[in-house]
Amino acid sequence: MSHLATFGAELAREAREVFPATVVPKDFDVIEVPFAERGEPELIRRGARPEKVSDTAAGVDAAP
């Protein structure tokens, strides 16, 4: 499922009755699903958004 409207909380609650580890990702979240022998799926909050680079980290001088 790619999008949950207003019924999302109810649907998640019902799913957790059967699948306790159920999560409902938000925009830009990523769920990494490794091979079974490499561990459990992991929710990475905002994982699809690149981190912002600050001006100082990018080499931009803040002083004129």
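Any value given below was found using the heavy atoms of this structure, including those in side chains, with hydrogens, waters and symmetry copies removed. Index from 1, following the sequence.
- Nearest approach of Ala12 to Thr22, heavy atoms of both residues: O-CG2, 4.4 Å.
- The shortest heavy-atom contact between Val30 and Gly47 is CG2-C, 3.6 Å.
- Residues Val23 and Val33 fall within the same hydrophobic cluster, defined by Ile, Leu, Val, Met, Phe, Trp and Tyr side chains chained together at heavy-atom separations under 4.5 Å.
- In terms of heavy-atom proximity, Pro34 sits nearest to Pro41 at CD-CA, 3.9 Å.
- Each salt bridge (Lys or Arg N to Asp or Glu O under 4.0 Å) pair with one or both residues in residues 29-40, not counting sequence neighbours, appears once here: Asp29-Arg45.
- Side-chain contacts under 4.5 Å among hydrophobic residues (ILVMFWY), followed directly or transitively, place Phe28 with no other residue at all.
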